Amino acid sequence: MIPGARLILLGRQGAGKGTQCVRLSRHFVVPHISTGDTLRAAVREGTELGAMAKRVMDEGGLVSDEIMVGIVRERLLQPDALGRGYILDGFPRTVPQAEALDTITSELPLDVVLDLDVPRELVLERLSARRVCRDCGTNYVARGGEKLPWICEVCGGDVMQRDDDTPEAIDHRLDLYEQQTSPLIEYYSRNGRLVVIDGVGHPDEVFRRLTQAVDAARRVI
Ligand code: AMP
């Protein structure tokens, strides 16, 4: 395995993207850049951006392209991302964001765009059971009847259901995904940068498929 990679992991929310991104970032020794985590941190810090993002996130909507592109541009200019690369999680979510990213990365282009493919029905089921540590972001699966919050095994923080994991917000986000984000699949397919990965199966097996795809893409480049 060669360290360093410039990747995007696309896929419906609840496809297991977050957990796989954390594993991929350790494997390839690159920062995991999650725009959702960045916005949630801004909410916790009580910044102006956080207040605006909370309203949008609670409704399951999307923060404006201009704000998101600004956040990502600034992050990709940090020395770790410039030197080793990154895994983008949750960005781009729209075609204008993808176009802006192409401009930002024109000198150091992406190695590959991975689409973690999990059917909508399965994702709905998984998201309804998702619980997340408020402090470190570790994901858990509720089996039913657990009292909230419970204690995170990784950092001792509070494990909760996300405010935007209500059935209405989940449905709205999945609709938004079909309308705005799925055109990205076409955008990246057109120039041969997209690899679709079957996201159904044991997480270790899905991880193996992802790393194989990255290694294959880097051999071609
Ligand atoms: P996530 O953690 O990726 O599920 O993101 C949580 C929420 O943050 C989303 O439902 C959006 O409201 C907002 N968000 C995150 N990334 C973006 C983005 N690239 N563009 C617009 N909104 C975003």
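Numbering of ligands and ligand atoms starts at 1, following listing order. Being a predicted model, the structure only gives us computed values, none of them experimental.
Annotation: R162 places an N or O atom under 3.5 Å from an N or O atom of ligand 1; distance criterion only. Checked by distance only, ligand 1 and M68 stay at 3.5 Å or farther apart across all their nitrogen or oxygen atoms. Considering both main-chain and side-chain atoms, Q97 comes within under 3.5 Å of ligand 1 through a nitrogen or oxygen pair. On a distance-only criterion, G61 and ligand 1 share at least one N/O pair closer than 3.5 Å. Taking any N or O of S34, backbone or side chain, none lies under 3.5 Å from an N or O belonging to ligand 1.
Under the 4.5 Å side-chain criterion, counting only non-hydrogen atoms from C-beta, R75 is in contact with P31. L184 places none of its side-chain heavy atoms less than 4.5 Å from the side chain of D115. For the pair F28/R218, a side-chain contact is recorded, criterion being any heavy-atom separation below 4.5 Å from C-beta on. In this structure the side chain of M68 reaches within 4.5 angstrom of the side chain of Q97, judged on heavy atoms. With contacts defined as side-chain heavy-atom distances shorter than 4.5 Å, the pair L124/I170 qualifies.
T138 places no side-chain N or O within donor-acceptor distance of the main-chain N or O of C133, the cut-off being under 3.5 Å. With hydrogens and angles disregarded, a donor-acceptor distance shorter than 3.5 Å links the side chain of R173 to the backbone of D164. A distance-only check finds no donor-acceptor pair linking the side chain of R130 to the backbone of N139 [under 3.5 Å].
The protein atom (non-hydrogen) at minimum distance from atom 8 (O) of ligand 1 is M57 SD, 3.3 Å. In terms of protein heavy-atom proximity, atom 4 (O) of ligand 1 is nearest to Q13 NE2, 2.5 Å. Of the protein's non-hydrogen atoms, V63 N, 3.1 Å is the one closest to atom 22 (N) of ligand 1. The protein heavy atom nearest to atom 3 (O) of ligand 1 is R93 NH2, 3.1 Å. For atom 10 (O) of ligand 1, the closest heavy atom belonging to the protein is R173 CD, 3.4 Å. Of all protein heavy atoms, the one closest to atom 19 (N) of ligand 1 is G90 O, 2.9 Å.
At a 4.0 Å heavy-atom cut-off, ligand 1 touches L39 through the side chain alone. Neither the backbone nor the side chain of H172 comes within contact range of ligand 1; no heavy atom lies under 4.0 Å.
A 6.0 Å sphere centred on CD of E205 holds more than 12 heavy atoms belonging to other residues, nucleotides or ligands.
Both Y188 and V196 belong to a single network of hydrophobic side chains, linked directly or stepwise wherever heavy atoms of I, L, V, M, F, W or Y lie under 4.5 Å apart.
Distances below 4.0 Å separate heavy atoms of R40 from the following atoms of ligand 1: 2 (O), 6 (C). Within ligand 1, counting atoms from 1 as listed, the ones closer than 4.0 Å to a heavy atom of T35 are 15 (C), 16 (N), 17 (C), 19 (N).
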